[in-house]
Chemist: 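Right, I'll just put the structure down here and ask away after.
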Amino acid sequence: AQKITQTQPGMFVQEKEAVTLDCTYDTSDQSYGLFWYKQPSSGEMIFLIYQGSYDEQNATEGRYSLNFQKARKSANLVISASQLGDSAMYFCAISPSGYSTLTFGKGTMLLVSP
Amino acid sequence: GAVVSQHPSRVICKSGTSVKIECRSLDFQATTMFWYRQFPKKSLMLMATSNEGSKATYEQGVEKDKFLINHASLTLSTLTVTSAHPEDSSFYICSASSGGPPYEQYFGPGTRLTVT
């Protein structure tokens, strides 16, 4: 069984600042993948970043980076230089490698203020 | 990136009627499609997983006779909510995967169902 815990129901950040969204996970699988998705008010799930459990380097995609600490079972999302358009719900998810099934956390609502 | 469409985006139906939601992968072959349900301000709840040409696998607590899923081709899956009731009102999201690495799921834009 897999589980994702996102302890921050809501986060506030000012425009142009960096913000870290927390995610911890629990899994019995040796190989797995970690994902972050953004869901704006429109409802669409937008893929942001992926980290494989055996990837040696932290994943980065533009302003998004994933702070992967395997021993602590954490996969925090870091958004640099926040923009107003970053205001959305953010979900962390895990899947066993070789399968597509995703288990989502409860999400963190991020609000970016001018 | 890969594109998944859903139709309709919004639907209002009367209690007791059935409604069909389509999920299409537009530029790749989706061997696996997933259907999620999301309540307001809540996370996505997986309802079922469907593989092309075989019966869907439903999550515990999801009524398979109420939520009929068909994955007849590599680009189309449908979810039919039968004999809809107001408590079925929700946001339904599909996703699709090619079944190969990196096993990423591509999500549709979602369908908001309101049962009156």
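Just so it is clear, the model here is predicted, and its values are computed rather than measured. Below, read A as the first sequence line, B as the second, and so on, with proteins coming before strands; counting in each chain starts at 1.
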Chemist: Taking atom NZ of Lys70(A) as the centre, report whether more than 12 heavy atoms of other residues, nucleotides or ligands fall under 6.0 Å from it.
Modeler: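 Yes.
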
Chemist: Please check if atom NZ in Lys73(A) has more than 12 non-hydrogen atoms from other residues, nucleotides or ligands closer than 6.0 Å.
Modeler: yes

Chemist: Tell me, do Leu46(B) and Phe104(A) make a side-chain contact under 4.5 Å, heavy atoms counted?
Modeler: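 In short, these two side chains do not touch, never coming nearer than 4.5 Å.
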
Chemist: Which pairs count as disulfide bond (SG atoms under 2.5 Å apart) when at least one residue sits in residues 31-77 of chain A, sequence neighbours excluded?
Modeler: none

Chemist: Calculate, to the nearest 0.5 Å, the distance between atoms CE and OH belonging to Met45(A) and Tyr36(B) respectively.
Modeler: 8.0 Å

Chemist: Check the surroundings of atom NZ in Lys64(B): do more than 12 heavy atoms from other residues, nucleotides or ligands lie under 6.0 Å from it?
Modeler: no

Chemist: Is the number of heavy atoms from other residues, nucleotides or ligands under 6.0 Å of His85(B) NE2 greater than 12?
Modeler: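 Yes, the 6.0 Å shell around NE2 holds more than 12 heavy atoms from other groups.
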
Chemist: Please classify the contact between Gln6(B) and chain A as side chain, backbone, both or neither, with a heavy-atom cut-off of under 4.5 Å.
Modeler: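 No part of Gln6(B) comes within 4.5 Å of chain A.
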
Chemist: With a cut-off of 6.0 Å (strictly less than), are more than 12 heavy atoms of other residues, nucleotides or ligands near CD of Gln30(A)?
Modeler: no

Chemist: If we define contacts as heavy-atom pairs under 4.5 Å, which of Gly105(A), Gly33(A), Ser42(A) has the most with chain B?
Modeler: Gly105(A)

Chemist: Identify the two heavy atoms, one from Gln105(B) and one from Tyr37(A), that lie closest to each other, and give their separation to 0.1 Å.
Modeler: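 Reported closest heavy-atom pair: O-OH, 3.1 Å.
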
Chemist: Donor-acceptor check, side chain of Ser43(B) to backbone of Gly107(A), threshold 3.5 angstrom: yes or no?
Modeler: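 No: the side chain of Ser43(B) does not pair with the backbone of Gly107(A).
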
Chemist: Do you know the tightest heavy-atom contact between Phe91(A) and Lys42(B)?
Modeler: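 Heavy atoms of Phe91(A) and Lys42(B) come nearest at CZ-O, 3.9 Å.
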
